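Since the model is a prediction, treat every value here as computed from it, not as a measurement. All values below were derived from every heavy atom in this structure, side-chain atoms included, with hydrogens, water molecules and symmetry-related copies excluded. Both counts, for ligands and for their atoms, begin at 1 and track the order of listing.
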Amino acid sequence: MRLLLVEDDQAIATPLMTGLERQGFTVTWVQTGADALNADTGDLVLLDLGLPDLDGQVVCRRIRDRSSVPIIVVTARSEEVDRVALLEMGADDYVVKPFGFRELVARIRAVLRRAGLEATEGQPTVEHSGRVRIDRRTRHVTVDGHPVQLTPKEYDLLSFLTDDAGAVRTRDEILRAVWDENWWGSSKTLDVHVASLRRKLGGAELIETVRGVGYRLADGP
Ligand code: CA
């Protein structure tokens, strides 16, 4: 397992690296947010929020925007971090300084286990842009970690667009896939569903209108 350790304080990072490597992890250490954003995230990111150059929360969000890699946030300011804020940032868990090494390793293993579980149970979970997450077994959708209640048609529409993110789907293709072959009603229905889906996903930018053709799921953040 490869970890990316983002920590500006050498007095913390050096013993941490030694300990983690003894536990069998391969650790890449960077000291700034900018370096973190340029580094390979590996299998898990351990991210100190108090960095010299960028706000750790911004770094967390930017990593999350482009990757589903598990992120454990390290914070010295326990009182300022609530779970909702962490979810919004895209973190999977957090530890508060000063933390025990054993506690940290237990958290790392737990987060990796959860991530691995999702990966192997697998294909049913689809991620898009690190923001939208669709569990196809349960038809459960979250946006930035928040559950979204979709109607069955809205769900099917999102699921269909996600099948080939970035590709333009014509109105006919969508109507055939999401409604059915015998659909003969107004294709306004499609626009109405797209509008409500956009609203529930928290903005229009995810589902793009391709004028005169159809729709597509925006490819990337
Ligand atoms: Ca720090």
- Task: Determine, step by step, whether Thr32 and Asp8 satisfy the side chain to side chain contact (heavy atoms under 4.5 Å, CB included) criterion, reporting the C-alpha distance in whole Å, the side-chain angles of both residues, the deciding distance to 0.1 Å, and the verdict.
- Result: CA-CA 6 Å; Thr32 65; Asp8 58 306; over 6 Å; no
- Message: Would Thr209 and Arg198 count as a side chain to side chain donor-acceptor pair (under 3.5 Å) here? Give the steps.
- Response: CA-CA 11 Å; Thr209 303; Arg198 279 176 171 160; 2.7 Å; yes
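Looking at heavy atoms from C-beta onward, Phe101 lies in side-chain contact with Gln23 at the 4.5 angstrom threshold.
Taken together through direct or relayed side-chain contacts under 4.5 Å among Ile, Leu, Val, Met, Phe, Trp and Tyr, Ile207 and Val168 form parts of separate hydrophobic clusters.
With waters left out, the protein N, O or S atoms under 3.0 Å from the Ca ion (ligand 1) add up to 3.
A cation-pi contact, defined as under 6.0 Å to the ring centre and within 45° of the axis, is absent between Arg171 and Tyr215.
Salt bridge status for Asp92 with Arg64: present, with a side-chain N to carboxylate O gap under 4.0 Å.
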